[in-house]
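Below, read A as the first sequence line, B as the second, and so on, with proteins coming before strands; counting in each chain starts at 1.
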Amino acid sequence: MTDENKPLNFIQQIMSNDLKESVVNKIITRFPPEPNGYLHIGHAKSICLNFGLAEQFEGMCHLRFDDTNPEKENEEFVKSIIEDIEWLGFKWDGDIRYASDYFDQFYIWAKHLIMKNKAYVCELNSEEMKESRGTLTLPGTNSPYRDRSIDSSIQLLESMKTGNIEEGSMTLRAKIDMSSPNINLRDPVIYRIKRIPHHRAGDKWNIYPSYDFAHCLEDAIEGITHSVCTLEFSSNRPLYDWFIDNLPVPSKPRQFEFGRLNMSYSITSKRKLKLLVDAGFVDGWSDPRMLTISGLRRRGIPPIAIRNFCDSLAVAKTDGLVDLSQFEFFVRNELNKSASRAMVVINPLKVVITNLPENHSEDLSVPCHPELSLGERILPFTREIFIDESDFKKEYSKKFKKKLSLGKRVRLRNSYIVEADDYLENKKGEIIQVNVSLLPESLGEDPADGVKPKGVIHWVSADKCIDCNINLYERLFHEPIPDGNGRDFLETVEPESLKILTNCKAELSLAQAEVGKPYQFEREGYFCKDDQNSDLKKITFNQTIALRSNWLEHKD
RNA sequence: UGGGGUGUGGCCAAGCGGUUAAGGCAGCGGCUUUUGAUGCCGCCACUCGGUGGUUCGAAUCCACCCACCCCAGCCA
């Protein structure tokens, strides 16, 4: 799985060293999602990192839901997260864990801090607390409740817990240093009152632990050795260490931060993705235009492509912007290897092969892949076929040499060579039919006269095909950094990013297309059957990604 | 602005005092091809945010400066 030629990243170096010097004897990592939204490609990087590290160093990786805020969390999100991790192909060690399983222990440790005079119940409301916290340059001032007695804090915490105190009126705070240059250390909140039930803990609690208090303790309880998170938590690390140092925890985990993944023309923020979903800009969390794991799945991107992409990413402390094309490379690379080939005409134009009898029908057996033995499929070849509108033009031009024009010939992919004789137009001057003649001996052979066609085009039998819809996608945002320089990212949403084509013609074999299986529609791109808009009458295919094209109009 | 972090080609990134400054993506040129796909070949930083210094030798060490990111939720 891991490439030995690749130099170790800084976390691997630390782990390798910790093992060598017996700082730890086994690496234990964790992936700790908050169930308040769906996972996206940024999480995939973290998943691949944490699970990958555990595998590489023969350690363990836990899956733990950081469910400390019942206001935003629910079971739907828990379910989707589990589904996405499994789909990516990872298996966590032991049972699924939940921060809420440790609530009793957290409470005991909170009282422990009070007893050691390291925490106190504060009656400042949020505005007052904000004022007394100071600013980046000014130190904060001590809360008037900072020196209240230990007994009083213990009693008030108990009342907070049992639901006798109004929300927002009291908090439990760590007693650290109101003048610390690190604002996180200015008596941070440990517990806040939320008199709402928890999706797992029920109505047992009216107070819930804050992230900073809970996260390090969860890690310590589970024996996590290396708690890997993203860069924005760097200034929380001293607080992480403070709790670990001041509580009788069973182990001493350490936190390490790496740069999160940003992708051009995309949003990798759960909060902002939720905005897109809630405002109806997209078709739910699994809209194929979003880089959510479920969106990528619905779009037909193989999990291995996501993993290979994530593994190619640097684990460092720089926060860069990865070009979407870098991801697309891994998608095409995987799909080219694994996708079955098929022919689908997206904008059909009727072609009549005039030198074939009316009822001509010939079954061509053709391979499903140019190199791999993925089997064969039957292609019915008949007198009337469809080709794509863009593959015929009356006049030949050098630029158009690979396509069909009057007097010129092309190869029908997997079939015969035809030559265009004439065409029919409607009143509007649109071409509605092309008449061609077929070169009889040209199946699998070069033409007898030695004039080889320059191009190959795809086609579908007009009578023996299926109708289908095709969803074509463009990037969801028209700015490389949708939320760049203070802009509202919703304003950069591209309204035309989904194009639905309803008159497409697919080869017969695609009637049996399976959801989750990738297909290459030759000369067009990669597609998959949509799991939401396909029915027995008509299938919808989602475009995964177009084929690369080096062909430029201005050349030739 | 106090604190924390980061600056190597269009993008990502290796580099850890002595290399002609890896590699990938993108781009460009060519060959092959019954997918203008794939594959293959070639090109693409006299220079590492800037300026000084240390050294026989600096992207790597030191000093100062500049730019960008994160922290002032009872979010995570």
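- For the pair A:Leu49 and A:Phe258, the minimum side-chain heavy-atom distance is below 4.5 Å.
- Separating the OH atom of A:Tyr519 from the P atom of B:rU35 is a distance of 22 Å, rounded to the nearest angstrom.
- For the C1' atom pair drawn from B:rG53 and B:rG17, the interatomic distance equals 16 Å after rounding to whole Å.
- Atom C1' of nucleotide B:rU38 and atom CG of A:Leu374 are separated by 15 Å, given to the nearest angstrom.
- Under the side chain to side chain donor-acceptor pair (under 3.5 Å) criterion, A:Lys130 pairs with no residue at all, not counting sequence neighbours.
- Residues passing the salt bridge (charged side-chain N to carboxylate O under 4.0 Å, His left out) test with A:Arg411, sequence neighbours excluded: none.
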Under 3.5 Å donor-acceptor pairs involving side-chain atoms of residues 445-452 of chain A, not counting sequence neighbours:
| unit_1 | atom_1 | unit_2 | atom_2 | d |
| --- | --- | --- | --- | --- |
| A:Asp449 | OD1 | A:Arg409 | NH1 | 2.9 |
| A:Asp449 | OD1 | A:Val451 | N | 2.9 |
| A:Asp449 | OD2 | A:Arg409 | NH1 | 3.1 |
| A:Asp449 | OD2 | A:Arg409 | NH2 | 2.9 |

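- When side chains are defined from C-beta on, A:Asp177 does not count as touching A:Asn182, because their heavy atoms never get closer than 4.5 Å.
- The shortest side-chain heavy-atom distance between A:Tyr120 and A:Thr171 does not fall under the 4.5 Å cut-off.
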ask   = Can you give one letter per nucleotide of nucleotides 19-26 of chain B, going 5' to 3': B for a protein heavy atom under 4.0 Å from the base, S for sugar-phosphate only, - for none?
value = -----BSS
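- Here, B:rG15 and B:rU60 have their P atoms 15 Å apart, quoted to the whole Å.
- Contacts between residues 333-341 of chain A and RNA chain B, counted as heavy-atom distances below 4.0 Å, involve A:Asn336, A:Arg341.
- The P atoms of B:rA59 and B:rG9 are separated by 15 Å, rounded to the nearest whole Å.
- For A:Pro188, the side-chain contact (heavy atoms from CB on, under 4.5 Å) partners at least two apart in sequence or on another chain are A:Ala174, A:Ile176, A:Leu239.
- Judged by distance alone, with hydrogens and angles left aside, A:Glu524 brings no side-chain donor or acceptor close enough to the base of B:rU35 to form a pair under 3.5 Å.
- Distance A:His369 NE2 to B:rU35 P: 13 Å, rounded to the nearest Å.
- For A:Asn50, the side chain to side chain donor-acceptor pair (under 3.5 Å) criterion is met by A:Ser46, not counting sequence neighbours.
- Between the P atom of B:rU35 and the CG atom of A:Asp388 lies a distance of 17 Å, rounded to the nearest Å.
- With sequence neighbours excluded, the residues satisfying side chain to side chain donor-acceptor pair (under 3.5 Å) with A:Thr162 are A:Asn164.
- Across all strands, A:Ile457 comes closer than 4.0 Å to no nucleic acid atom at all (heavy-atom distances).
- As judged by a 4.0 angstrom heavy-atom cut-off over every strand, A:Pro238 is placed among residues making no nucleic acid contact.
- Nearest-nucleotide positions on RNA chain B place A:Ser442 closer to the 5' end than the other of A:Ser442 and A:Asp319.
- Whole-Å rounding puts the A:Glu257 CD to B:rC69 C1' distance at 14 Å.
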query = In B/S/- notation, 5' to 3', how is nucleotides 71-76 of chain B contacted by protein heavy atoms closer than 4.0 Å?
reply = BBSBSB
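- At a threshold of 4.0 angstrom between heavy atoms, the contacts of A:Gln13 include nucleobase atoms, whether or not backbone atoms are also involved.
- In this structure, A:Gln326 has no side chain to side chain donor-acceptor pair (under 3.5 Å) partners at least two apart in sequence or on a different chain.
- The stretch residues 254-266 of chain A participates, sequence neighbours left out, in these salt bridge (Lys or Arg N to Asp or Glu O under 4.0 Å) pairs: A:Asp18-A:Arg254, A:Glu232-A:Arg260, A:Arg237-A:Glu257, A:Glu257-A:Lys317.
- Here the P atom of nucleotide B:rU34 and the CG atom of A:Leu364 are 18 Å apart, to the nearest Å.
- Residue contacts shown for A:Lys402 include a base, since a base heavy atom lies under 4.0 Å away.
- Atom C1' of B:rC28 sits at a distance of 31 Å from the matching atom of B:rC68, rounded to the whole Å.
- Applying the salt bridge (Lys or Arg N to Asp or Glu O under 4.0 Å) test to pairs two or more places apart or on separate chains, those with a residue in residues 362-381 of chain A are A:Arg377-A:Glu507.
- Straight-line distance between the C1' atoms of B:rG2 and B:rC62: roughly 25 Å, to the nearest whole Å.
- For A:Lys317, the listed nucleotide lying nearest its side chain is B:rU6; candidates were B:rG2, B:rG36, B:rU6.
- In this model, a side-chain donor or acceptor of A:Arg411 finds a partner on the base of B:rU34 within 3.5 Å.
- Residue A:Gly259 is classed as having no contact, given no heavy-atom separation below 4.0 Å to the nucleic acid.
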